[in-house]
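Chain identifiers are assigned alphabetically (A, B, ...) following the order of the sequence lines, protein sequences preceding nucleic acid strands; residue numbering begins at 1 within each chain.
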Number of protein chains: 2
Amino acid sequence: MGKLLKTNCFACRSRSDIFNTLNDDQLQRIDCEKVSIYYKPGEVIFKQGTPCHSLVCITSGLVKSYIEHENSNDLIFSLTRPSNYLLMPGAFVDQRHHYSAVAVEETTACLFNIDIIVELMKANVSFASEFLRKASLQTVNLFHKISGLTQKHIYGRMADTILYLASSVYNNKAFELTISRQELADLSGMTKESAIRVLKKFKDEEIISLNGNYLEILNQSMLESINKNG
Amino acid sequence: MGKLLKTNCFACRSRSDIFNTLNDDQLQRIDCEKVSIYYKPGEVIFKQGTPCHSLVCITSGLVKSYIEHENSNDLIFSLTRPSNYLLMPGAFVDQRHHYSAVAVEETTACLFNIDIIVELMKANVSFASEFLRKASLQTVNLFHKISGLTQKHIYGRMADTILYLASSVYNNKAFELTISRQELADLSGMTKESAIRVLKKFKDEEIISLNGNYLEILNQSMLESINKNG
DNA sequence: CAATTACATTGATTCAGATCAATGTAAAAC
DNA sequence: GTTTTACATTGATCTGAATCAATGTAATTG
């Protein structure tokens with residue numbers, strides 16, 4: 001599970017902006033300490049319920065973060081691209097992961113021991129407040145997710161997912177999906193069958209075009225309206 | 001909306017434990033700066049979408065925190081008792097409240113300007129890390145809430161709510177409800193009518209007793225089992 | 001290249017829980 | 001003490017989305 005890689009924090013193009021607050025000595029410290037790992041699609045980065053040791057920064061690829069349920073579908077609450085890291089609120093509560101993280105595409109990530117991160121937060125106030133800012137952003141996003149899941153119907157939820165993919169994951173109105181229909185469903189809090197039916201409806205109404213995994217938003221404003229009202 | 005009260009942080013019996021990390025000078029600072037307010041049941045403490053200026057510490061009473069939806073029911077994600085404060089992730093993101101807070105019982109609260117809180121976090125590492133710990137706990141609780149809302153049926157969700165009320169709100173297996181049936185429903189992510197029907201079923205099955213607003217848990221283990229599996 | 005395996009699609013059916021519609025109850029206001 | 005108003009309860013009906021059941025399609029494997 002994961003192949004070791006050689007990397008350098010100073011030259012890193014996928015460095016998370018929270019590390020910009022560190023001075024050279026501090027950056028040196030995490031550079032020495034870090035472990036860089038390669039994951040194949042489908043490989044587990046960490047699993048819900050397990051002890052939480054490391055801060056994970058994604059340096060290439062795509063990762064899904066999801067809440068696991070015993071006899072029910074997973075709920076993906078976030079897809080993470082390079083320069084972002086996987087937040088671990090459990091690190092400050094019960095030292096357990098409260099969700100699972102799995103590579104969706106080929107992924108590389110740097111792991112930093114959480115004790116060193118805590119140490120740096122104590123030594124560097126800007127680093128700590130940047131960290132709190134990111135943690136708060138995640139919480140705000142969770143409020144948004146709860147809101148969507150409880151208030152909206154499947155059409156609105158899928159519209160939200162498509163807009164999220166275009167704006168935050170593939171950064172384009174047209175993209176080749178690297179996630180499955182099941183994952184599209186898990187992102188939208190519905191079953192695979194419902195996801196397929198909703199996508200078909202959007203296609204029939206020429207809101208999107210979809211051929212295999214190639215998706216293009218044809219009517220953005222309609223999609224936004226469905227997201228808001230449906 | 002709210003009557004001014006005279007209080008003292010040093011002698012306060014309802015002081016949040018995050019303030020225990022402060023030295024006397026720092027405590028003096030927040031004591032001088034704070035504003036203490038009385039709220040009647042139903043009064044708004046802050047409203048979703050409005051600018052976020054203050055950290056709110058509850059010193060007596062009970063407060064509901066809920067996500068508002070335009071044409072749909074509210075979703076209460078937390079009830080807050082004294083010694084706890086209302087977290088405001090928006091303060092570090094977009095300076096907006098992402099949920100509303102309303103007094104359920106007669107409530108008093110102390111408001112601290114967020115700038116002073118941020119200043120103290122910079123001056124006092126323990127205070128900052130205690131703050132991050134509380135924020136992380138809230139996030140973990142939100143994961144739990146999402147999980148329950150998407151995975152469980154109404155019986156499991158109401159069982160969760162009753163157990164939450166007994167363990168974290170009224171601190172007793174038997175209690176006089178100070179929240180309405182609608183609020184019970186908003187806590188459990190269902191309609192008022194469904195909440196009433198579920199409560200009736202629990203009563204018929206002698207899992208709880210319920211007379212008016214007096215609720216008693218008769219079969220705790222059954223309730224836990226429904227919470228887990230239903 | 002046939003066979004296995006994983007993923008995608010479509011239709012038929014079911015059901016949990018919402019909505020709609022009264023009616024009951026009790027506290028507060030005049 | 002009657003009226004108003006808010007909250008609680010119950011039953012009937014409806015419906016969105018899940019589940020169940022095939023079948024289709026494409027990629028991988030021996």
Side-chain angles (χ1 to χ4, degrees), chain A residues 40-43 64 69-76 102 104-105 148-161 176-204 208-215 226 229-230, chain B residues 40-43 64 69-76 102 104-105 148-161 176-204 208-215 226 229-230:
Chain A
K40 283 204 287 275
E43 282 189 333
K64 63 172 171 178
H69 295 135
E70 240 165 77
N71 300 310
S72 162
N73 287 330
D74 298 328
L75 185 89
I76 301 174
V102 164
V104 171
E105 302 173 5
L149 286 172
T150 56
Q151 170 200 38
K152 289 181 198 166
H153 289 173
I154 52 172
Y155 302 98
R157 299 212 296 273
M158 182 56 79
D160 193 49
T161 295
E176 186 77 23
L177 280 165
T178 53
I179 60 174
S180 68
R181 297 295 191 269
Q182 180 64 61
E183 285 165 331
L184 221 37
D186 291 345
L187 264 169
S188 312
M190 65 184 73
T191 59
K192 185 185 57 199
E193 292 92 331
S194 290
I196 288 165
R197 275 184 259 266
V198 173
L199 287 171
K200 198 187 178 188
K201 187 146 186 290
F202 286 174
K203 196 178 165 181
D204 288 349
I208 61 167
S209 76
L210 182 63
N211 295 300
N213 284 324
Y214 186 78
L215 191 155
I226 293 168
N229 309 312
Chain B
K40 283 203 287 275
E43 282 189 335
K64 63 172 172 179
H69 296 135
E70 239 164 80
N71 300 311
S72 163
N73 288 330
D74 298 328
L75 186 90
I76 301 174
V102 164
V104 172
E105 302 173 5
L149 286 171
T150 56
Q151 167 202 38
K152 288 181 200 167
H153 289 172
I154 51 171
Y155 302 98
R157 298 211 296 272
M158 182 56 78
D160 194 49
T161 295
E176 188 75 25
L177 279 165
T178 54
I179 61 174
S180 67
R181 297 296 191 268
Q182 181 63 62
E183 286 165 331
L184 222 36
D186 291 346
L187 266 168
S188 312
M190 65 185 71
T191 59
K192 185 184 57 198
E193 292 91 331
S194 290
I196 289 165
R197 275 184 260 266
V198 173
L199 287 171
K200 197 185 180 190
K201 187 146 185 291
F202 285 175
K203 197 177 164 182
D204 289 349
I208 61 168
S209 76
L210 182 64
N211 295 299
N213 283 324
Y214 186 78
L215 192 154
I226 293 168
N229 308 312

Between [atom2] of [N] and [atom1] of [X], the distance in whole Å:
| X | N | atom1 | atom2 | value |
| --- | --- | --- | --- | --- |
| Leu210(B) | dT10(D) | CG | C1' | 15 Å |
| His153(A) | dA18(D) | NE2 | C1' | 14 Å |
| Leu149(A) | dG17(C) | CG | P | 16 Å |
| Tyr155(B) | dA18(C) | OH | P | 11 Å |
| Leu184(A) | dC7(C) | CG | P | 14 Å |
| Asp186(A) | dA18(D) | CG | P | 12 Å |
| Met190(B) | dA16(C) | CE | P | 14 Å |
| Leu215(B) | dA8(D) | CG | P | 13 Å |

Closest to side chain of Arg181(B), choosing from dA18(D), dA8(D), dG17(C):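 Side chain of Arg181(B) sits closest to dA8(D).
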Nucleotide of dA18(D), dT19(C), dT9(C) approaching Thr191(B) most closely (side-chain heavy atoms):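 It is dT19(C).
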Report all interatomic pairs (protein N or O, nucleotide N or O of nucleotides 21-27 of chain D) with separations under 3.5 Å.
none

Residues 195-203 of chain B, side-chain donor-acceptor partners within the protein, below 3.5 Å, at least two apart:
residue: Lys201(B); atom: NZ; partner: Glu205(B); partner atom: OE2; Å: 3.2
residue: Lys203(B); atom: NZ; partner: Leu210(B); partner atom: O; Å: 2.9

Neighbour count >12 (heavy atoms, 6.0 Å) for atom CD, Glu176(B):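 Atom CD in Glu176(B) is crowded, with more than 12 foreign heavy atoms closer than 6.0 Å.
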Of Arg197(A) and Asn213(A), the one whose closest DNA chain C nucleotide lies more 5':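 Whichever sits nearer the 5' end wins; that is Asn213(A).
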Minimum side-chain heavy-atom gap [X]-[Y] below 4.5 Å:
| X | Y | answer |
| --- | --- | --- |
| Ile154(B) | Arg157(B) | yes |
| Lys64(A) | Leu187(A) | no |
| Met190(A) | Leu184(A) | no |

Sugar-phosphate, base or nothing in reach of Ser180(A), heavy atoms under 4.0 Å: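 It contacts sugar-phosphate atoms only.
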Sugar-phosphate only, base, or nothing, as touched by Ile196(B) at under 4.0 Å among non-hydrogen atoms: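 Base, at least one base atom sits under 4.0 Å.
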Heavy-atom pair with the smallest gap, counting every atom of Ser188(A) and Thr161(A):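 That would be OG-OG1, 2.7 Å.
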Which atom of Gly189(A) lies closest to which atom of Leu149(A), heavy atoms considered: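 Reported closest heavy-atom pair: CA-CD2, 3.9 Å.
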Short side-chain N/O contact to dC7(C) OP1/OP2 from Lys192(A), under 4.0 Å: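 No.
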Side chains of Ser72(B) and Gln151(A), donor plus acceptor under 3.5 Å: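 Short answer, no.
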Axis bend over the full length of the helix from dC1(C)-dG30(D) to dC30(C)-dG1(D), computed from five pairs that close each end, to 10 degrees: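 Both end axes considered, the difference amounts to 30°.
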